[in-house]
Amino acid sequence: MRNIWLLLALTLFFISCRAQKEEQLEVPALLDKGKEIILHRKSYVVSYNQGLKIPNWVAWHLTAEHADGDIKRFASYLEDEEVPKPRATNEDYKGSGWSHGHMCPAGDNKWDAEAMKESNLLTNMCPQDRSLNSGLWNRIEMDCRKWAKKYGSVYIVCGPLLYNKEHETIGANKVVVPEAFFKVILCMQGRPKAIGFVVKNNAGTKKKDQYINTVDEVERLTGYDFFPALPDNIENDVESHANIDDWK
DNA sequence: CGGCCCTAATTT
DNA sequence: AAATTAGGGCCG
């Protein structure tokens with residue numbers, strides 16, 4: 001009798017795992033326990049790094065319907081009360097010389113007022129070079145919205161890259177300034193495909209095509225496992241290729 | 001090159 | 001809260 005209950009419990013556990021994976025194709029495999037706080041927002045999931053005061057990664061499913069809308073950008077940035085202090089505040093960014101770099105962009109949240117407001121939480125931000133923010137990074141974000149409309153939806157993960165031992169920080173709460181950023185994008189329409197970008201956090205960026213990487217390469221740089229819910233044969237295929245011509 | 005679409009900071 | 005300023009890239 002006891003074994004039957006155990007079997008039932010295990011079965012339910014595996015079914016629930018499977019269901020969650022299928023719903024959240026964009027969410028990377030979790031990191032070592034204790035190193036992250038997972039926060040579920042209306043339009044994205046964030047793995048928050050309490051030590052760095054910035055996200056490890058932010059993941060979202062950008063659909064065609066979410067790629068446009070009438071909701072205006074939220075007027076102010078919001079300290080995230082859900083994570084423990086010390087945490088990023090508006091004071092930390094003020095006068096720092098670094099701009100508020102959305103990970104899940106405001107432009108992907110025009111479809112819903114609550115989603116737009118949540119996009120302005122400081123747990124969705126990294127200190128980002130201003131010209132990168134409005135330049136190349138913005139271009140990539142606009143491409144993602146274009147692809148979401150063209151293909152129906154795309155799955156996106158992005159976040160900071162920290163390859164130095166020591167990091168610049170801003171403000172009294174020592175919010176870490178990343179050395180670079182990564183973004184990986186998966187499209188499941190037709191033959192599944194994926195592409196990655198790696199961009200240094202400075203003003204010296206040039207043509208977008210120079211920053212293309214395979215997902216495998218971004219996994220090597222981050223140590224993360226992206227799109228783990230994909231069947232292994234598809235995951236291996238899409239993550240080892242990155243061809244911008246497939247996306248034009 | 002100017003006009004336009006985005007980003008965000010600053011000023012009123 | 002709203003308007004203005006500023007940075008960047010694409011498109012014609």
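Because the structure is a prediction, the values reported are computed rather than measured. The figures that follow rest on heavy atoms only: side chains count, while hydrogens, waters and symmetry mates do not. We name chains A, B, ... by the order of the sequence lines, and we start the count at 1 in each one.
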* What string of B, S and - do you get for nucleotides 6-12 of chain C 5' to 3' if you count protein non-hydrogen atoms under 4.0 Å? -> BBSBS--

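For DNA chain B, none of the residues of residues 113-122 of chain A falls under the heavy-atom distance limit of 4.0 Å.
In this structure, the NE2 atom of A:His100 is 13 Å from the C1' atom of B:dT7, given to the nearest Å. Spacing between atom CD of A:Glu141 and atom P of B:dT7 amounts to 7 Å, rounded to whole angstrom units. We find that NZ of A:Lys72 is positioned 11 Å from P of C:dA3, with the value rounded to whole Å.
A search for salt bridge (Lys or Arg N to Asp or Glu O under 4.0 Å) contacts involving A:Lys150 returns nothing, not counting sequence neighbours.
Ion pairing between a basic and an acidic side chain is recognised when a charged N comes within 4.0 Å of a carboxylate O; A:Arg87 and A:Glu81 show such pairing. Of the charged side-chain nitrogens involved, at least one lies within less than 4.0 Å of a carboxylate oxygen, so that A:Arg41 and A:Glu82 count as a salt-bridged pair. We find that A:Arg220 and A:Glu217 are joined by a salt bridge, their nearest charged nitrogen and carboxylate oxygen being less than 4.0 Å apart. The residues A:Arg145 and A:Asp108 are annotated as salt-bridged, a charged nitrogen and a carboxylate oxygen being separated by less than 4.0 angstrom. Using a 4.0 Å cut-off between a side-chain N of Lys or Arg and a carboxylate O of Asp or Glu, A:Asp92 and A:Lys53 do not qualify as a salt bridge.
Contact between the side-chain N/O atoms of A:Tyr77 and the OP1/OP2 oxygens of B:dA9 is found at a separation under 4.0 Å.
Panel note: side chain A:Asn201, backbone A:Pro127; a donor-acceptor pair is recorded below 3.5 Å.
A:Cys144 and A:Ile185 make their closest contact through SG-CD1, 3.5 Å (heavy atoms, listed as atom of the first residue, atom of the second, distance).
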